[in-house]
Amino acid sequence: PAKARIITQRWLAVTGILIFCLALSAAFLTTDHLNAYSRMGVNSEDASAKITGDEDDQIEVVHISTAKPEQEVTTSNESVLSEIDQISDVQAAEDVQGLLASETKPESAEKKDIQPEDETPIVAQVIEKKVIEKTNAFPTVEKLKKEFNTFRGYNGNGVSFHRNIPVSWDVETGENVMWKVDLPLGGFNSPILWEDKLFLSGANENQRVIYCYDSNSGRLIWEKPVTGIPGSPVKAPKTTDDTGLAAPSITTDGTKVFAIFGTGDIIALNMKGEQLWAKNLGVPDNHYGHSSSLIMHENHLFVQYDTGKGGLVMALDVNSGKEVWKTQRDVSISWASPILALIDNKWQLILSSEPLVAGYDVTSGEELWQFDCMLGEVGPSPTYSNGLVIATNEYAKLIAFEPGAEPKVAWEDDEYLPEVSSPVVSDGLLFIATTYGVFACYDVHTGNKYWEMEFDNGFYASPLVADGKVYAADMEGIMHIITVAREHESVADIEMGESVVASPAFKDGRIYIRTKEKLYCIGE
């Protein structure tokens with residue numbers, strides 16, 4: 001037994017030595033995979049999942065950044081911000097948006113076609129905001145005076161600020177006629193201008209169309225048929241021959257164009273003639289036809305809608321056509337157009353109808369004052385000058401008053417009263433033209449009549465003042481040019497060859513005249 005115990009102990013020792021040797025060999029032969037992966041840049045947390053493959057496998061780690069460093073982005077867009085600040089009031093928004101898109105596209109997306117999580121960096125948002133503010137900004141007073149954007153020009157008051165207006169031309173020989181075009185459809189609205197574009201409209205029982213001409217060449221740039229407006233009557237309302245369905249003049253702010261027709265359809269277009277919005281205001285209850293022209297201020301488009309169903313003035317959002325405010329008026333039908341006036345540093349919208357001449361806050365539509373002084377079917381628009389509102393109508397009176405809660409009459413007269421043509425004031429002188437052919441000049445402060453002239457034909461077109469002269473076309477198509485002065489001085493009487501009932505439009509060195517069937521550009 002002792003011998004057997006010794007043999008057993010020897011085998012146990014040998015076995016222990018063998019196990020130790022094997023363990024030592026295994027230690028040298030074992031690879032530290034965790035340490036290997038750490039040397040390749042993989043965190044232990046990322047390696048917590050089971051990994052297969054041998055130690056020579058190559059693992060590429062790609063780091064994706066969602067944006068450039070702030071300083072780099074800012075620097076790359078400094079030039080864009082600067083260029084946007086230099087953009088003119090009338091530059092097309094799509095051109096600016098193209099600049100924005102090209103300059104703010106993420107570099108990573110160009111190189112690796114990788115879409116970042118935020119596709120609109122903060123700087124890009126700032127640029128976009130600048131673009132919107134710039135392209136939607138209402139033109140400055142200086143810009144509006146440079147253009148001719150509404151009926152009777154700046155604020156609808158009939159005074160042009162343009163110079164070198166022609167006083168001599170001949171439509172038969174073509175002397176000083178830069179161009180003329182035949183108009184496809186008739187209409188009594190007056191042309192309006194913005195830079196190199198001229199706008200007017202035409203209509204008959206079956207068509208309503210807006211036209212845009214190149215004011216330099218007479219080329220038709222585009223025409224826009226007005227169709228498919230919800231609520232528009234299937235059959236056009238009846239109108240008289242001297243009013244029709246296209247009597248109201250168009251207006252524009254240089255980025256959008258607005259027109260209204262005797263059907264109650266009102267529409268907004270961009271400068272390319274593409275429709276932005278349109279709606280029907282309800283067919284006007286009007287036995288002659290709707291003729292009140294549109295006018296706008298900042299983001300409001302104003303509509304005088306005095307019909308047989310009641311008086312109404314409203315403001316529409318220029319971008320959407322949505323109603324901003326609406327004010328009911330206790331008046332009869334009116335064919336006059338609204339004007340704008342800055343009174344006590346506050347813009348007001350002034351309207352004339354029977355029996356009221358009234359002023360409204362352009363922002364809220366609140367009636368600020370009213371004056372009961374009109375009678376009959378009011379056609380002439382009011383005017384504002386030297387702190388006085390001047391209103392008139394045939395079978396009523398010619399009256400000048402200070403507007404306010406208690407209007408103060410400066411003077412009134414009833415000798416010569418226009419039926420359609422609106423009064424105009426320049427250099428303290430008031431001019432009126434009647435349908436029975438009398439043209440008269442008054443002192444706007446006192447009502448003293450300086451002179452009067454009687455012509456063979458009556459006036460529908462409103463007289464306008466430009467470059468120190470009054471331009472007044474009678475219904476037979478004779479353009480009477482008279483010096484703005486206390487003594488009558490005729491400059492010229494020029495035949496247009498056909499009837500004229502629309503008022504002219506002006507730009508430096510030119511006058512634009514719509515006759516019954518043609519459109520003329522006169523310039524030396």
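A salt bridge between Lys146 and Glu142 is absent, with no side-chain N of the basic residue lying under 4.0 Å from a carboxylate O of the acidic one. Between Glu195 and Lys143, at least one side-chain N (NZ, or NE/NH1/NH2) sits under 4.0 Å from a carboxylate O, which counts as a salt bridge. Using a 4.0 Å cut-off between a side-chain N of Lys or Arg and a carboxylate O of Asp or Glu, Lys516 and Glu498 do not qualify as a salt bridge. Classification of Arg329 and Asp306 as a salt-bridged pair holds, one side-chain N sitting under 4.0 Å from a carboxylate O. Here Lys518 pairs with Asp182 in a salt bridge; the nearest charged N to carboxylate O distance falls below 4.0 Å.
We find the NZ-NZ distance between Lys279 and Lys322 to be 9.5 Å, quoted to the nearest 0.5 Å.
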Let's go through Ile350 and Tyr360 carefully: what are the C-alpha distance in whole Å and the side-chain angles of both, what is the deciding distance for side chain to side chain contact (heavy atoms under 4.5 Å, CB included) to 0.1 Å, and is it a yes or a no? CA-CA 6 Å; Ile350 301 177; Tyr360 298 86; over 6 Å; no
Please test Arg486 against Leu429 for side chain to side chain contact (heavy atoms under 4.5 Å, CB included), starting from the C-alpha separation and ending with a verdict. CA-CA 8 Å; Arg486 294 186 177 187; Leu429 301 177; 4.0 Å; yes
Apply side chain to side chain donor-acceptor pair (under 3.5 Å) to the pair Asn448 and Trp411, showing each step before the final yes or no. CA-CA 9 Å; Asn448 178 54; Trp411 58 270; over 6 Å; no
Show your working on side chain to side chain contact (heavy atoms under 4.5 Å, CB included) between Ile482 and Val491 and close with a plain yes or no. CA-CA 5 Å; Ile482 304 166; Val491 177; 5.9 Å; no
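Between the side chain of Asn189 and the backbone N or O of Ser201 there is at least one donor-acceptor pair closer than 3.5 Å. In this structure a side-chain-to-backbone donor-acceptor pair under 3.5 Å is present from Asp474 to Glu476. Remark: side-chain polar atoms of Asn149 are paired, donor with acceptor, to backbone N or O of Thr252 under 3.5 angstrom. No donor-acceptor pair closer than 3.5 Å links the side chain of Asp344 to the backbone N or O of Lys346. Judged purely by atom type and a 3.5 angstrom limit, Thr251 has no side-chain atom pairing as donor or acceptor with the backbone of Ile295.
Under the side chain to side chain contact (heavy atoms under 4.5 Å, CB included) test applied with Ile390, the options Val424, Val444, Ile399, Val357 reduce to a single match, Val444. For the side chain to side chain contact (heavy atoms under 4.5 Å, CB included) test with Ile432, the passing option among Cys441, Ser421, Pro423 is Pro423; the others fail.
Neither side chain, Glu223 nor Tyr211, offers a donor N or O lying under 3.5 Å from an acceptor on the other. Side-chain atoms of His480 and Asp493 include a donor-acceptor pair closer than 3.5 Å. Under the 3.5 Å distance criterion, with hydrogens and angles disregarded, a donor-acceptor pair is assigned to the side chains of Asp265 and Asn280.
The aromatic rings of Trp325 and Phe302 lie tilted to each other, with the angle between the two planes from 30° to 60°. Ring orientation note: the planes of Phe258 and Trp277 are tilted relative to one another, at an angle of 30° to 60°. The aromatic rings of Tyr213 and Trp179 sit parallel to each other, their planes meeting at less than 30°, with 60° as the upper class boundary. Classification of the His297-Phe138 ring pair by plane angle, with boundaries at 30° and 60°, yields perpendicular. Between Phe455 and Phe439, the two ring planes are perpendicular [angle over 60°; tilted spans 30° to 60°].
Note on residues 365-404: pairs passing ring pair (Phe, Tyr, Trp, His ring centres under 6.0 Å), not counting sequence neighbours, are Trp369-Phe401, Phe371-Phe401.
Under the side chain to side chain contact (heavy atoms under 4.5 Å, CB included) criterion, Thr243 pairs with Thr240, Ala247, Tyr288, Ser291, not counting sequence neighbours.
For the pair Lys145 and Tyr154, the cation sits on the ring face: its NZ or CZ lies under 6.0 Å from the ring centre, inside 45° of the axis.
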